[in-house]
Number of protein chains: 2
Amino acid sequence: MDGSASSPTGQSPWMPFESRRRARDEKREAVLRTAVALFLEQGYHGTTLNHVAERLNITKPALYNYFRGKDEILYECWAIGAERVDESIDEIDATGGTGIEKLRKLIVSYAEAMTTDYGKSLVRFDIRDLTEHNRRIVRLAKKKIDQAFRDYIGQGIEDGSIRACNVKLSAFAIAGSLNWIGHWHQPNGALEAEAIAREFAIRLTEGLAIPSARKSMPKSTTKKAGKPPVRKRKSTGGSR
Amino acid sequence: MDGSASSPTGQSPWMPFESRRRARDEKREAVLRTAVALFLEQGYHGTTLNHVAERLNITKPALYNYFRGKDEILYECWAIGAERVDESIDEIDATGGTGIEKLRKLIVSYAEAMTTDYGKSLVRFDIRDLTEHNRRIVRLAKKKIDQAFRDYIGQGIEDGSIRACNVKLSAFAIAGSLNWIGHWHQPNGALEAEAIAREFAIRLTEGLAIPSARKSMPKSTTKKAGKPPVRKRKSTGGSR
DNA sequence: TCCGTATATTACCTGCGGGTAACAAAAAGT
DNA sequence: ACTTTTTGTTACCCGCAGGTAATATACGGA
C-alpha cells in the first residue's frame, strides 16, 4: 500500500508531479494498459475510473482528455486485442499451406494472444457493457475469427489434410479450448505462453489430422511468427 | 412488452393480483429461475432486482422474503448448477469403467449441463460478484470438477485406455471446449443438447484414446444417464 | 514576456439501484 | 371471530461511481 509514496509506479508516463510532456498517444496507451489490467483483475464493474486514474498518478477527469467514457476505454482495450488476432489471420491467409497447416498456425497465434492482457479482453469482457454501435463491431470481428477457424477446417477437408467432420462443432471445440486459456492463464504461472501454444496446436488437431503417410507433422508449423514492422494502430476509427 | 397484460408470464407462481398461496420453496425456485434467465440475458450488473421482481408480478422488497440480497441469489443460481455436475461426478465415480469411459461420461454430462441455464451460470457468472465466503465455496467446487477431469485422464493413462499426455493441459483443453458451450449455446438453436454432448464426447477424446485393437468404441458409452429419484437440494447450506 | 492551447485539478451534480422501514393484507392457527 | 405469522406493498434512504463545469498550471511559440 503506497499511494502517495515515491515508488516509480510501474509504467506510468506521469511522474508524480514533474516532467509531463510525453506524446499524447503514449499516454492514451498507458491508460489502456492500466485499464485492461485492472478490468482483468477486478472486473469491469469492480473497477472505477478513480481506481484507474489513481494507478496513473492522475485524477479521474484527466482521463476524459483521452476517452469519452468508461465504455470507450473498454472498447479500445478490446479492439487492440482483436486487431492483433486479425493481423494474424491476414498473415496466415497471405501465406499458403494446407488447411491443417493454416489451422495450426491460427491455433498457435490465438493461444499466444490469450496469454496477453489485450488478448484476454477478447473473451473476458462482456459485450453488453458496450454501446450498441461498438457491440456491432465486436460481434462482426468475432464472427470473422470464428469464420477463419471454419474456413481452415473446411479447406483442410477439401485438400485432404483433415478428415471429414462437423465443421461448425469442431471450430467451436477448438475455439473453446483456446478461449479458456484466457480464463486460467496467469502471467506468473508455471506454463510458458509458447509452450501452451505448441501443445494446443498438437492436441487440438491430432484428432482431426489425417496422417499424411509420409511424416507425422511438419516441424515448420511451429516457426516463430516473425513480426512485421509493428504496424501502427489505425487511430480510433469508430468508437462511439 | 406486456407488463400489466393478463398473459400468464411463463412460470411465475404469483398470479397478477390474486390467488397466491403456493409453497415457499416453489416461490424460491421461481425467483431463481427468473433470475438466472435474466442474468444470462442481460448480465448480472445489467439486471436489477426490480427487473427480476417485475417478471414475477411482485415488487422488489418481496424478494427479500426469500433471499438476503442480490449476491445471494447469484450464488444460489450457481450452486444449483454446481450441484448437478457434482452429482454426475459422484455417479461416475460410483460406477466402474476405464479411464476413458469415465472421461466420456463426464464430458457428456458436463456438456448437457452447459445447455441449461443453471449450468451456464457456472461459466458465465463472475466469481467476484460473490461474498468472500461464497467465493471460497465456488473455487473449491470448481477445483473438484477440474480434478475429476484430471483424475479420469490420469486413470486412463494408467489403465492403458488413454495414451500418455500432459494431464493438466489436456484437462484444460477439454474443459475449455465444454465451458465454451455455455457461451454459444442457445435454447432455440439448431444444435440439440444431446447431439452436442455426443459429438463432443467423441471429438474431444479421439486424440487421446488408444484404439483398443478390438472395436473402435463401445457404444454403451453414450447411454442415457438414467436419472435417480431427483434428489432434493440440501436447503441453502452456507450462503452468507 | 505574453498569449493560446493542451492538460491537469478541485468541486460538484446526478441517477441508478441495492437495501430498509413502516405498514397492509392474507393464511393459518385456536 | 380474534390473534399471530407470513408475505406482500408503498415510500424512502443513501452511497457510489460516471460524468461535467469551472478553474489552474504547464508548455510552445511569437
Side-chain angles (χ1 to χ4, degrees), chain A residues 3-4 9 12-31 34-35 38-39 42-76 126 128-131 134 239-240, chain B residues 3-4 9 12-31 34-35 38-39 42-76 126 128-131 134 239-240:
Chain A
S4 61
T9 318
S12 172
W14 289 274
M15 298 306 272
F17 204 11
E18 51 217 66
S19 64
R20 304 153 169 167
R21 69 194 60 191
R22 301 296 258 274
R24 187 180 171 82
D25 281 358
E26 273 187 61
K27 294 187 184 168
R28 256 186 86 94
E29 277 176 39
V31 173
T34 305
L38 277 172
F39 290 164
Q42 331 214 342
Y44 178 67
H45 293 283
T47 306
T48 73
L49 289 183
N50 273 320
H51 206 155
V52 174
E54 197 178 342
R55 264 212 200 174
L56 291 163
N57 296 323
I58 56 177
T59 56
K60 177 177 59 171
L63 295 173
Y64 285 82
N65 280 319
Y66 304 98
F67 302 94
R68 288 210 237 176
K70 195 186 183 189
D71 63 294
E72 184 174 301
I73 297 180
L74 184 73
Y75 170 74
E76 299 256 358
D126 191 340
R128 285 167 299 215
D129 292 321
L130 299 174
T131 325
N134 286 339
S239 52
R240 228 196 250 253
Chain B
S4 60
T9 319
S12 172
W14 290 274
M15 297 306 271
F17 203 12
E18 48 220 66
S19 62
R20 302 154 168 167
R21 71 196 57 191
R22 299 296 257 277
R24 185 180 175 82
D25 281 357
E26 274 187 61
K27 294 186 184 170
R28 255 186 87 94
E29 278 176 38
V31 172
T34 304
L38 277 171
F39 291 164
Q42 332 214 338
Y44 178 68
H45 293 282
T47 306
T48 73
L49 289 184
N50 274 321
H51 206 155
V52 174
E54 197 178 340
R55 263 211 198 173
L56 292 163
N57 296 322
I58 57 178
T59 56
K60 177 177 61 174
L63 294 173
Y64 285 82
N65 281 318
Y66 304 97
F67 301 94
R68 288 208 238 177
K70 196 186 183 189
D71 64 292
E72 185 175 299
I73 297 180
L74 184 73
Y75 171 74
E76 300 255 357
D126 191 340
R128 284 167 298 213
D129 292 321
L130 299 173
T131 326
N134 286 339
S239 53
R240 227 198 252 252

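Since we're looking at a predicted model, the values are computed, not measured. Convention: sequence-line order gives letters A, B, ...; per-chain numbering from 1.
- For A/Asn65, counting side-chain heavy atoms from C-beta on, the closest listed nucleotide (C/dG19, C/dA8, D/dA17) is C/dA8.
- For the pair A/Leu49 CG and D/dG19 C1', the computed distance is 9 Å after rounding to whole Å.
- Rounding to whole angstrom units, CG of residue A/Asp25 and C1' of C/dA6 are separated by 14 Å.
- Although no hydrogens or angles enter the test, the distance criterion places no donor-acceptor pair under 3.5 Å between the side chain of A/Thr131 and the main chain of A/Asn134.
- Which of C/dA11, D/dT7, D/dG18 sits closest to the side chain of A/Lys70 comes down to D/dG18.
- With C/dG19, D/dA17, D/dT10 as the choices, the nucleotide that has an atom nearest any side-chain atom of B/Asp71 turns out to be C/dG19.
- When the nucleotides D/dT9, C/dT7, C/dG18 are ranked by their closest atom to the side chain of B/Ile58, D/dT9 comes out on top.
- Of the possible donor and acceptor atoms, one in the side chain of B/Lys70 sits under 3.5 Å from a partner among the backbone N and O of B/Tyr44.
- The A/Pro61 side chain lies nearest to D/dT20 when the options are C/dT7, D/dG18, D/dT20.
- Proximity note for B/Lys27 (side chain, C-beta onward) versus D/dG8, D/dA11, C/dA8: the nearest is D/dG8.
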Discussion item. Between A/Val52 and A/Ile73, is the side-chain contact (heavy atoms from CB on, under 4.5 Å) condition met? List the steps.
Written reply: CA-CA 11 Å; A/Val52 174; A/Ile73 297 180; 5.7 Å; no
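- If you check every strand for non-hydrogen atoms under 4.0 Å, A/Thr59 touches a base.
- For A/Tyr66, taking side-chain heavy atoms from C-beta onward, the closest of the listed nucleotides C/dA8, D/dT20, D/dT7 is C/dA8.
- You'll find that the side chain of B/Ala62 is closest to D/dG8, out of C/dG18, D/dG8, C/dA8.
- Judged by distance alone, with hydrogens and angles left aside, B/Lys60 brings no side-chain donor or acceptor close enough to the base of C/dG17 to form a pair under 3.5 Å.
- For A/Glu72 and D/dG18, the CD to C1' distance is 14 Å, given to the nearest whole Å.
- Between the CD1 atom of B/Ile73 and the P atom of C/dG17 there is a distance of 15 Å, given to the nearest Å.
- Comparing C/dT7, C/dG18, D/dG18 against the side chain of A/Tyr64 picks out D/dG18 as the nearest.
- Remark: the A/Asp129 side chain and the B/His45 side chain contain no N/O donor-acceptor pair separated by less than 3.5 Å.
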